[in-house]
Number of protein chains: 2
Amino acid sequence: MNIGDVAERSGLPPKTIRYYEDIGLIRPGRSANGYRAFRENDLHKLAFIGRARTLGFTIEECRTLLDLYEDENRESAVVKRIAEDHLARIDEKIAQLKSMRATLAELVAACHGDSRPDCPIIEDLGRGGRPDDPA
Amino acid sequence: MNIGDVAERSGLPPKTIRYYEDIGLIRPGRSANGYRAFRENDLHKLAFIGRARTLGFTIEECRTLLDLYEDENRESAVVKRIAEDHLARIDEKIAQLKSMRATLAELVAACHGDSRPDCPIIEDLGRGGRPDDPA
DNA sequence: CTTGACCCTCCAGTGACTGGAAGCATTACC
DNA sequence: GGTAATGCTTCCAGTCACTGGAGGGTCAAG
């Protein structure tokens with residue numbers, strides 16, 4: 001298989017696949033003409049990585065997970081721990097975004113959004129986010 | 001004020017403040033010794049940027065917001081629209097993360113996490129995320 | 001007078017790609 | 001058989017928003 005076929009079948013752009021080879025996630029062979037020659041196994045790995053990436057795992061986690069994928073004697077506990085850590089990070093990010101969202105939504109709701117210059121959003125930013133002190 | 005004072009009062013690291021000057025967000029003067037000389041106005045701007053960044057606005061949005069901050073004749077509608085766009089982006093990200101989280105939580109729950117190698121997490125990744133077909 | 005804290009600039013690296021240029025290889029079509 | 005369009009190759013640079021570090025000047029205290 002050439003890179004184009006693998007790209008189509010794995011859903012990853014050729015550029016990304018080359019990048020994954022660069023950083024050592026896969027090692028396709030080479031044809032006589034210098035083209036990368038992918039085997040089914042490479043395709044499986046790429047699909048694996050693609051899936052892991054859509055679940056938000058970092059490349060380094062993907063590397064570890066790939067090793068575990070190939071390791072017949074892996075302990076599922078190791079895999080589970082990586083996933084749990086990642087889950088915790090996701091929860092943190094969600095919490096952060098929700099907090100941002102809440103503040104921002106309040107400000108947006110308070111802004112009349114017309115042609116006049118006064119604007120609670122700008123005022124909040126200008127106060128550095130400290131609560132308003134109308135005294 | 002030297003950069004250290006401004007860093008402390010704005011909560012931004014000196015490196016970041018220098019970077020903000022580099023990209024033209026602020027323009028502090030210079031003392032005879034070559035040190036940056038910040039005025040109160042610079043500090044206000046930095047606090048403004050810092051706040052906007054914690055709310056997740058990009059640097060380019062900060063630039064625009066700063067312009068609006070300084071513009072006595074701004075229309076609050078313009079500000080509101082930027083904030084609304086940003087809000088929509090945040091909502092998108094939250095949705096994405098929640099979807100990741102849901103899938104990942106299922107997999108984690110299904111993994112017994114002991115010394116045996118069989119693991120629903122690895123299996124999902126290996127299938128590229130396609131639903132299991134036990135037939 | 002030296003020590004240490006502070007400041008300066010410039011370069012390089014982060015993560016995970018992505019875009020583009022320059023140049024072979026192959027394939028499709030007439 | 002020629003030629004034009006793909007497709008493949010490598011390498012360099014850019015993205016975003018910083019961050020780390022080297023190498024060196026400046027300033028206040030003891």
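When reading the values below, keep in mind they use all heavy atoms of this one structure, side chains included, and skip hydrogens, waters and symmetry mates. Throughout, protein chains are lettered first and strands after them, A, B, ... in sequence-line order, and every chain is numbered starting at 1.
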Does [X] pair with [Y] as a salt bridge, N-O distance under 4.0 Å?
X     : Y      : result
B:D5  : B:R9   : no
B:R74 : A:E123 : no
B:D85 : B:R81  : yes
A:E21 : A:R30  : yes
A:K80 : A:E75  : no

Subject >> Phosphate contact (D:dT10 OP1 or OP2) by A:R30 side-chain N/O below 4.0 Å >> reply: yes

Original post:
According to a strict under-4.0 Å criterion, is A:R36 in side-chain N/O contact with OP1 or OP2 of D:dT9?
Top reply: yes

**OP:** Measure the shortest side-chain to side-chain distance between B:F57 and B:L65 over non-hydrogen atoms and say whether it is less than 4.5 angstrom.
**Re:** yes

**OP:** Work out which heavy atom in A:T58 is nearest to a heavy atom in A:R89; give both atom names and the distance.
**Re:** CG2-NH2, 4.1 Å

**OP:** Compute the angle between the rotation axes at the two ends of the helix from C:dC1-D:dG30 to C:dC30-D:dG1, each taken over five pairs, rounded to 10 degrees.
**Re:** 20°

Subject >> B:D5 CG - C:dC6 P separation (whole Å) >> reply: 10 Å

Original post:
Where the side chain of A:S31 meets the backbone of A:N33, is there a donor-acceptor pair that is under 3.5 Å apart?
Top reply: no

**OP:** Look only at the side chain of A:S76 and the backbone of B:R116, and say whether a donor-acceptor pair between them is shorter than 3.5 Å.
**Re:** yes

Original post:
What does nucleotides 18-30 of chain D look like as a protein-contact string, B for base, S for sugar-phosphate only, - for none, at under 4.0 angstrom between heavy atoms?
Top reply: BSBB---BBS---

Please write out each protein N/O paired with an N/O of nucleotides 2-4 of chain C under 3.5 Å, distance rounded to 0.1 Å.
none

